[in-house]
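Okay, so here's the structure we're looking at.
Computed over heavy atoms, backbone and side chain alike; hydrogens, waters and symmetry mates excluded.
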Amino acid sequence: MKQSKLIYTDHKSAQNALSIKILWVVLSGICMFLVSISLLFNDSNETEIILIVGVFIFFGMGVLPTLLILAFQKKSKFIFNETTSKIEIWTNSKLQKSIPFGQVRNIRYSEYKYTVSSKNGTRNVHVFTIVTDTDGSEQILCESLNFIKLRKMAEEIAKTLNKPTILPDGIELKPEELDLSILKKSSIPWEKYEKPSFPENSHVVFQTPPGQILIQFHFFSKLYLYISYFISFAFTLLAHLVFGDFLSVSVFDWEGVNPTLQQLIFLLVSLCVGLSPTIYVLYNMLRKKNWDFSVSEMKIQNIRFQINEVEEIIFKYPNILFLNDKKMKKISLTFYGPPSEYESYFFLLMYSIRSIYKTDWEHQSRFY
């Protein structure tokens with residue numbers, strides 16, 4: 001039986017619910033451990049002490065934090081009611097807004113960021129959202145910290161409302177196209193994906209053997225390398241000034257040219273840790289970065305794709321996302337070339353797919 005309501009919560013409520021579940025799983029493990037320990041003692045006084053500690057942990061680390069989270073969190077709900085054909089926006093138990101399905105023209109992807117401060121520093125939170133425009137303002141319809149989960153929500157909303165979805169790159173998909181492979185989507189403007197032009201001395205090598213397109217990226221940036229040198233030096237120096245000085249094993253504690261065994265071991269460990277940024281950058285710039293398109297398969301950076309299983313390909317700087325209902329694969333363009341060319345690489349990818357697979361599917365229906 002088809003459910004008549006879609007219900008989504010804001011990302012903070014979802015995170016708090018997950019935190020509470022993890023808290024109670026850990027707490028249950030601790031309580032089971034204490035009960036097991038108490039069974040080992042024959043002395044009733046020791047058993048009572050363990051049980052008192054268990055009760056304190058149960059209430060102090062479980063019940064109280066849960067009640068505090070539930071009491072002070074501002075919980076938002078987004079309800080899509082097919083019975084009334086309305087979208088209801090709730091905050092806690094108060095209805096904030098009601099939007100008839102008919103007022104929604106389309107839905108689209110959006111996002112926002114904010115910073116959370118704590119005693120351990122700050123962290124940036126990146127929230128993906130689905131929004132629509134009503135009464136001249138933007139209204140969030142659902143949100144998540146996970147893009148693949150948000151995409152699933154977007155499909156459910158689009159099918160419920162029977163409205164088109166505007167992808168991050170501006171392409172508008174009809175509801176009936178959502179579950180089709182990218183080759184079958186008539187809304188994809190394949191004609192706009194022409195082969196980008198690169199300078200003659202470009203690090204991008206484009207080859208077209210018979211029935212195949214092979215693209216190779218040979219990018220080596222001295223700037224990236226110099227930055228990695230600086231970070232490696234900073235990491236190594238920090239290790240010696242902080243940890244090495246505390247343990248008296250830094251190079252500044254050497255007596256002459258005969259360091260102790262502990263000092264030599266610390267030097268090797270600090271160099272391995274310190275040089276890791278440089279090794280990481282060198283590895284990513286020197287490794288092969290090939291895109292191979294043939295009639296039988298599509299291989300991007302040694303990852304094989306079945307093109308008939310790919311529903312969407314989205315460029316989200318600095319990544320290219322390959323999506324379907326079950327999974328998402330991400331290709332980072334960070335070490336492919338200068339950031340100014342990332343969008344051109346996406347156009348080159350779509351041009352290659354159009355040239356090899358789209359044309360072949362239209363004329364021979366090879367994949368279906």
Under 3.5 Å, side chain of [X] to main-chain N/O of [Y], donor-acceptor pair present?
X: Lys149; Y: Ser144; result: no
X: Glu177; Y: Ser187; result: yes
X: Lys289; Y: Asn284; result: yes
X: Thr129; Y: Ser110; result: yes
X: Ser228; Y: Pro277; result: no
X: Tyr357; Y: Glu297; result: yes
X: Lys86; Y: Asn81; result: no
X: Lys185; Y: Leu180; result: yes
X: Ser232; Y: Tyr229; result: no

Mind checking whether Phe80 and Tyr8 have parallel, tilted or perpendicular rings, split at 30° and 60°?
-> perpendicular

Glu176: salt bridge (Lys or Arg N to Asp or Glu O under 4.0 Å) partners, not counting sequence neighbours = none

Is there a path of hydrophobic side-chain contacts, each under 4.5 Å between heavy atoms, that joins [X] and [Y]?
X: Leu275; Y: Leu237; value: no
X: Tyr283; Y: Phe220; value: no
X: Tyr280; Y: Phe217; value: yes
X: Leu145; Y: Ile157; value: yes

Could you give the distance from [atom1] ([X]) to [atom2] ([Y]), rounded to the nearest 0.5 Å?
X: Glu312; Y: Asp325; atom1: CD; atom2: CG; answer: 8.5 Å
X: Thr9; Y: Lys77; atom1: OG1; atom2: NZ; answer: 8.5 Å
X: Glu82; Y: Lys5; atom1: CD; atom2: NZ; answer: 11.5 Å
X: Ile303; Y: Trp291; atom1: CD1; atom2: CH2; answer: 11.5 Å
X: Asn319; Y: Met328; atom1: CG; atom2: CE; answer: 8.5 Å
X: Ile353; Y: Phe293; atom1: CD1; atom2: CZ; answer: 5.5 Å

Can you list the residues that meet the ring-ring contact (aromatic ring centres under 6.0 Å, His included) rule with Tyr317, with sequence neighbours excluded?
-> Tyr342

State, yes or no, whether a side-chain contact exists between Ile182 and Ile307 at a heavy-atom distance under 4.5 Å.
-> yes

Taking side chain as C-beta onward, heavy atoms only, is Ile166 less than 4.5 Å from Glu172?
-> yes

Check whether the ring centres of [X] and [Y] lie less than 6.0 Å apart, and answer yes or no.
X: Phe219; Y: Tyr224; value: yes
X: Tyr351; Y: Tyr193; value: no
X: Phe206; Y: Phe198; value: no

Go through the side-chain N and O atoms of Glu341 and Tyr336 and say whether any donor and acceptor fall under 3.5 Å apart.
-> no

Indicate whether any N or O donor in one side chain lies under 3.5 Å from an N or O acceptor in the other, for Thr134 and Gln139.
-> no

All N/O donor-acceptor pairs, side-chain side in residues 207-216, below 3.5 Å, sequence neighbours left out:
residue: Gln212; atom: NE2; partner: Asp292; partner atom: OD1; Å: 2.7
residue: Gln212; atom: NE2; partner: Asp292; partner atom: OD2; Å: 3.3

Residues 141-165 vs ring-ring contact (aromatic ring centres under 6.0 Å, His included), sequence neighbours excluded, gives Tyr109-Phe147, Phe128-Phe147

Sequence neighbours excluded, which residues qualify as side-chain contact (heavy atoms from CB on, under 4.5 Å) partners of Ser270?
-> Thr236, Ala239, His240, Phe266, Leu267

Which residues pass the side-chain hydrogen bond (donor to acceptor under 3.5 Å, both in side chains) test with Thr132, sequence neighbours left out?
-> none

